Amino acid sequence: MAANALQLGLRSGTTENQKAKKLVYSKVSATFASQFNSQVRMDLHSYLANSDINAIESLYQQYKSNPQSVDSSWQRFFEGFEFQRAEFAPLPGGDRLNGAVSSEVIKEFKVINLINGYRQRGHLFTETNPVRERRKHQPTLALENFGLSDQDLDTVFQAGNEVGLGPAKLRDILAHLNNSYCKHIGIEYMYVRNPERVQWLRERIEAVKKPSFSVEEKKQFLEMASKASLFEQYIHRKFVGAKRFSVEGCEAMVPAMDYMVRLGGDMGVKEFVIGMAHRGRLNVLTNIMGKPQEQVFSEFEGLEFEDSDNFDGDVKYHYGYSNDVTTAGGNQVHLTLCPNPSHLEAVNPVVEGLSRAKIDHYLQSEDKIVPVLVHGDAAIAGQGIVYEVVQMALLDGYRTGGTVHIVTNNQVGFTTNYLDARSSTYCTDVAKTTLCPVFHVNADDVEAVIETMKIALEYRMKFHMDVFIDLLGYRKYGHNEGDEPKFTQPSLYKLIASHPSLREIYMNQLIAEGTIDQAYADSLKSGFEAMLDTKLEIAKSMKMAHVKHFMEETWKGYTKATAEDISTPVKTQFDEKKLKSIATSISTLPSGEKYIAKTAKVFADRLKMIEENKLDWAMGELLAYGTLLEEGHPVRVSGQDVERGTFSHRHAVVKTDEDQEKEIITLNSISPKQAKFTVYNSLLSEYGVLGFDYGYAFGTPHGLTIWEAQFGDFNNGAQIMIDQFISAAEDKWRTMNGITLFLPHGYEGQGSEHSSARLERFLQLCAELNMLVCNPTTPANHFHLIRRQVRASYRKPLVVMTPKKLLRYPKAVSTLQEMAKGQFQEIINDTSVKTKDVNTIVLCSRKVYYYILQQKEKRQTGDDMAVVRLEQLYPLPEEQLRKIIAEFSKAKRILWAQEEPENMGAWTYMLRALRDLNLEVIAPPASASPAAGSPKVHEKRMTAMMDRLFSYSAVKA
């Protein structure tokens with residue numbers, strides 16, 4: 001713009017002057033044009049971009065006094081101006097900034113200002129609402145708001161060069177701007193700070209020759225629009241009153257997604273992973289994903305599920321699906337639609353995580369996969385998970401190369417008007433967080449929607465950034481088809497009632513332009529409806545509804561676990577010699593580098609542990625990773641501060657000294673054949689990051705995927721993921737997932753937010769073998785637990801209450817032999833006592849066990865107590881437990897001891913599971929808060945608890 005503005009500043013009406021000034025322009029622009037374009041174009045605060053001629057005069061006078069006092073872009077502008085004066089002064093026409101600026105120059109700046117007005121605010125004045133007038137915004141783009149008038153309409157302005165017209169009349173510039181920015185497509189992009197991206201978008205938006213579609217393409221668009229509309233109408237007739245969450249009013253999404261898949265295939269895209277809520281989902285399943293219509297119709301019939309005794313299933317508009325489709329161009333593209341709950345936008349991070357797993361494990365390129373998220377207008381504006389996922393887009397551990405976001409904008413959320421649903425101008429304003437362009441499109445204009453999708457997908461593929469399409473339409477019925485929308489939006493629904501369908505609008509458009517005739521459109525309709533009739537008859541003959549894993553091919557070879565499978569020991573042993581070699585390898589820092597002294601000591605201490613054969617918790621964990629990597633299983637650890645570990649125990653990533661800060665990951669230096677270890681400090685998010693890692697685990701059945709909370713307490717920030725996906729997905733959608741949660745848990749007087757991972761909540765969610773909940777007490781058992789998670793033939797979510805104090809507790813150590821030769825122990829019996837002497841059995845889990853031992857030694861009592869550790873709480877190894885209890889035949893009582901308050905922890909779960917054993921509880925009193933904030937109060941409560949526990953002992957040690 002500044003180079004063009006320089007040309008404008010030299011403008012005059014004489015041929016002689018034009019020649020002279022063109023020479024000046026060519027000389028100066030060769031030196032400064034690229035800097036002008038990159039600096040001034042992007043500087044929305046520059047006076048040139050929002051020109052005020054008095055301000056320019058003032059700046060020029062300031063420049064003459066002190067060139068350094070003005071912005072560098074203005075320095076260069078005025079240098080060019082002075083160059084012109086020196087080479088050609090006095091020029092014919094006598095143009096001057098100081099006191100004699102021609103009216104023509106002033107008008108040129110005003111036209112430039114007008115052009116920028118359209119670029120920045122044209123989206124506010126579009127014809128994108130298909131059913132009612134848009135809100136009014138001030139100031140408008142009227143000429144008088146830019147110091148221009150109708151009298152200027154036939155004046156030729158050099159500013160036409162700025163929009164690709166060359167010197168042009170103002171009326172032609174205005175018409176071009178209106179067609180580019182204020183018709184059925186509006187775009188927000190001027191906040192983008194990258195000049196290349198801005199220029200790329202501008203070239204397509206302001207193109208003088210707009211893209212046109214062939215007759216065959218238009219017929220394809222009509223076919224998809226017809227399928228979208230007719231499918232909804234068919235279900236409406238055949239299943240009266242049934243919920244389907246129709247896409248009518250935003251049907252253009254279907255031909256747009258069809259075009260996206262075809263265009264993507266031509267561009268080399270191999271996969272699309274899609275996440276969307278219920279609205280329009282059945283349409284996408286049949287018309288995009290290729291799910292047989294009879295399967296969808298059978299779900300409307302309400303058939304019983306196969307294996308319904310062990311499978312609850314879900315509503316039809318929540319299921320996922322995968323399929324290979326062949327595009328018109330002959331490209332095979334794999335499509336995946338992730339299952340989702342009713343919790344809007346919750347599926348978004350799952351889609352991103354699954355996409356990343358595919359990139360990491362076999363696609364090896366962001367160009368070969370595109371995540372697609374379909375939002376509702378109320379949900380994208382109101383659900384915080386959207387922001388969390390948008391913030392992931394450019395982070396190393398979470399990027400997927402850009403997501404195509406499509407908003408089915410109904411202009412209403414359930415019964416809530418859009419004015420009550422957000423404070424922002426648009427529902428898509430979250431896009432500005434990462435400076436992504438937003439297209440606002442009239443959903444009644446199929447070709448405008450397709451054109452937008454083309455630009456959006458090309459943008460994503462070129463720049464690997466997110467892009468948003470706001471498909472402005474309406475919702476034909478209420479929130480569901482049984483709802484009455486006129487209760488809350490009577491005026492809007494009066495307009496919608498008489499509004500034609502997308503098929504009717506586009507059909508009439510194509511007939512009017514001679515592309516098709518009525519007979520062609522009628523044949524499309526009759527043929528499609530006849531096919532649906534056939535599919536419906538097939539559905540009526542079906543006896544049972546069948547639901548399969550939405551990623552069946554990926555999960556071949558993994559079986560649904562039975563109780564016997566889970567109780568059968570998994571071989572987790574590892575050759576001792578190789579284990580020691582791995583231990584040494586991952587504990588040895590590369591030579592030739594400088595390290596922080598404390599870091600060097602950590603690794604020296606680890607080598608010492610190996611020699612002394614006393615391995616702490618971190619070594620147990622890291623060795624589990626190392627052995628899995630050596631066996632070919634990739635390992636990913638993600639979460640807040642996980643590279644070092646919240647409690648500085650892991651040090652999976654080592655930084656060299658402050659001069660270099662080079663990153664070293666010793667787990668990736670075990671052997672040439674090993675799998676890859678990745679560890680990522682996440683953004684400060686629980687919901688989004690756990691969702692991402694859950695999705696990653698869907699795409700990594702052969703590997704280990706861990707999400708670690710900074711403190712276990714913070715997992716409730718991800719409660720929706722835990723409730724709707726982790727605990728229930730297998731029962732709802734017949735999916736397996738091996739996500740592992742590490743939740744630091746332990747009462748050490750650190751307060752209510754740094755003590756409890758809410759063990760009780762996970763145990764309350766446990767049923768039907770849906771997940772594993774463990775609380776190991778030794779590094780060796782932790783080692784075997786981690787290895788079991790990958791080496792088992794099944795996959796279950798694993799929730800581990802991980803330690804804090806025990807990370808460095810002297811007694812919480814294991815030997816290499818215990819790791820090499822052992823296996824995961826669901827229960828660890830007390831072998832330190834004589835069974836005949838035991839009158840009290842104390843059942844407990846992890847840290848409280850060490851506290852009891854400490855008190856036993858301190859008090860010199862308790863030899864008549866057997867302290868039995870439950871390492872796996874769910875599924876409860878009840879048969880093993882009862883056998884152990886039977887060994888202590890003289891025991892008079894069985895206690896459950898826990899550090900959590902009585903209304904928390906595992907107590908109520910154990911009481912329910914072992915209700916015939918008359919369990920008694922030893923625990924702090926019930927409390928509203930999980931823990932005390934004072935270490936002294938905490939110690940007082942624990943002392944009282946131990947007093948009560950040891951009151952049952954009659955034997956001095």
Side-chain angles (χ1 to χ4, degrees), residues 1 41-46 49-50 113-130 134-141 162-163 176-207 256 373 375-377 380-381 386-387 389-391 393-394 402-409 411 418 421-443 445 448-449 451-460 462-463 465-473:
M1 183 193 301
R41 270 184 194 278
M42 303 313 302
D43 184 3
L44 300 185
H45 302 292
S46 166
N50 302 277
N113 206 17
L114 173 69
I115 291 169
N116 280 319
Y118 271 85
R119 288 169 173 168
Q120 293 172 27
R121 301 180 69 247
H123 56 86
L124 295 171
F125 307 101
T126 57
E127 300 169 8
T128 48
N129 197 318
R134 291 197 60 187
R135 280 187 287 177
K136 303 299 182 186
H137 296 273
Q138 296 294 336
T140 68
L141 297 174
E162 179 68 11
V163 291
H176 182 65
L177 290 172
N178 270 300
N179 284 329
S180 297
Y181 290 102
C182 296
K183 291 299 183 181
H184 285 180
I185 304 172
I187 178 171
E188 297 179 89
Y189 73 106
M190 288 295 285
Y191 46 76
V192 175
R193 296 171 189 157
N194 181 287
E196 182 188 2
R197 288 163 55 199
V198 171
Q199 185 63 25
W200 189 94
L201 288 164
R202 184 172 293 159
E203 286 171 359
R204 282 147 185 80
I205 300 157
E206 296 180 359
L373 295 178
H375 312 268
D377 53 311
I380 192 173
V386 177
Y387 179 85
V389 172
V390 165
Q391 279 286 23
L394 300 175
T403 298
V404 175
H405 299 262
I406 304 170
V407 181
T408 53
N409 191 335
Q411 307 184 57
Y418 72 93
R422 62 179 185 267
S423 297
S424 58
T425 302
Y426 295 111
C427 62
T428 51
D429 280 349
V430 68
K432 294 166 187 169
T433 302
T434 47
L435 307 177
C436 296
V438 180
F439 294 87
H440 305 280
V441 198
N442 189 317
D445 187 340
V449 174
E451 180 186 345
T452 299
M453 178 56 77
K454 182 177 188 297
I455 297 173
L457 186 59
E458 288 174 345
Y459 177 89
R460 185 275 175 189
K462 180 171 179 61
F463 297 108
M465 297 283 292
D466 286 14
V467 60
F468 289 72
I469 300 173
D470 178 15
L471 195 60
L472 195 65

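Just so it is clear, the model here is predicted, and its values are computed rather than measured.
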First locate atom [atom1] of [X], then atom [atom2] of [Y], and finally report the distance between them rounded to the nearest 0.5 Å.
| X | Y | atom1 | atom2 | result |
| --- | --- | --- | --- | --- |
| S180 | E206 | OG | CD | 5.5 Å |
| I185 | N442 | CD1 | CG | 10.0 Å |
| L394 | M465 | CG | CE | 5.0 Å |
| R135 | H137 | CZ | NE2 | 5.0 Å |
| T452 | I205 | OG1 | CD1 | 10.0 Å |
| F468 | H375 | CZ | NE2 | 5.5 Å |

**OP:** Please find out if less than 6.0 Å separates the ring center of Y426 from that of H123.
**Re:** yes
Original post:
Parallel, tilted or perpendicular: which describes the rings of Y189 and Y181, with under 30° parallel and over 60° perpendicular?
Top reply: parallel
**OP:** Look at the rings of F463 and W200 and say which category their plane angle falls in: under 30° parallel, 30 to 60° tilted, over 60° perpendicular.
**Re:** perpendicular
**OP:** Mind listing the closest non-hydrogen atom pair of Y191 and C436 along with its distance?
**Re:** OH-O, 2.7 Å
State, yes or no, whether a side-chain contact exists between [X] and [Y] at a heavy-atom distance under 4.5 Å.
| X | Y | result |
| --- | --- | --- |
| K462 | R197 | no |
| T128 | V441 | no |
| D466 | R460 | no |

Subject >> Among N409, V438, V386, side-chain contact (heavy atoms from CB on, under 4.5 Å) partner for C427 >> reply: N409
Subject >> Member of I406, L471, D470, V467 meeting the side-chain contact (heavy atoms from CB on, under 4.5 Å) criterion with F439 >> reply: V467
Original post:
Hey, are R119 and E162 close enough for a salt bridge, meaning a charged N less than 4.0 Å from a carboxylate O?
Top reply: yes
Original post:
Any salt bridge between E458 and K454, counting N to O under 4.0 Å?
Top reply: yes
Original post:
Judged by modelled atom types alone, do Y459 and R204 share a side-chain donor-acceptor pair under 3.5 Å?
Top reply: no
Subject >> side chain to side chain contact (heavy atoms under 4.5 Å, CB included) assessment of L472 paired with H440 >> reply: CA-CA 7 Å; L472 195 65; H440 305 280; 6.0 Å; no
Would you say the side-chain atoms of [X] pair up with the backbone N or O of [Y], donor to acceptor, closer than 3.5 Å?
| X | Y | answer |
| --- | --- | --- |
| R422 | A381 | no |
| D429 | T425 | yes |
| R121 | P139 | yes |
| Q411 | G473 | yes |

**OP:** Decide side chain to side chain contact (heavy atoms under 4.5 Å, CB included) for K183 and T126; before the verdict, give the C-alpha distance in whole Å, the side-chain angles of both, and the deciding distance to 0.1 Å.
**Re:** CA-CA 5 Å; K183 291 299 183 181; T126 57; over 6 Å; no
**OP:** Applying salt bridge (charged side-chain N to carboxylate O under 4.0 Å, His left out), run through E127 and R134 and close with a yes or a no.
**Re:** CA-CA 8 Å; E127 300 169 8; R134 291 197 60 187; over 6 Å; no
Subject >> H405/I469 under side chain to side chain contact (heavy atoms under 4.5 Å, CB included): CA gap, chis, key distance, verdict >> reply: CA-CA 6 Å; H405 299 262; I469 300 173; over 6 Å; no
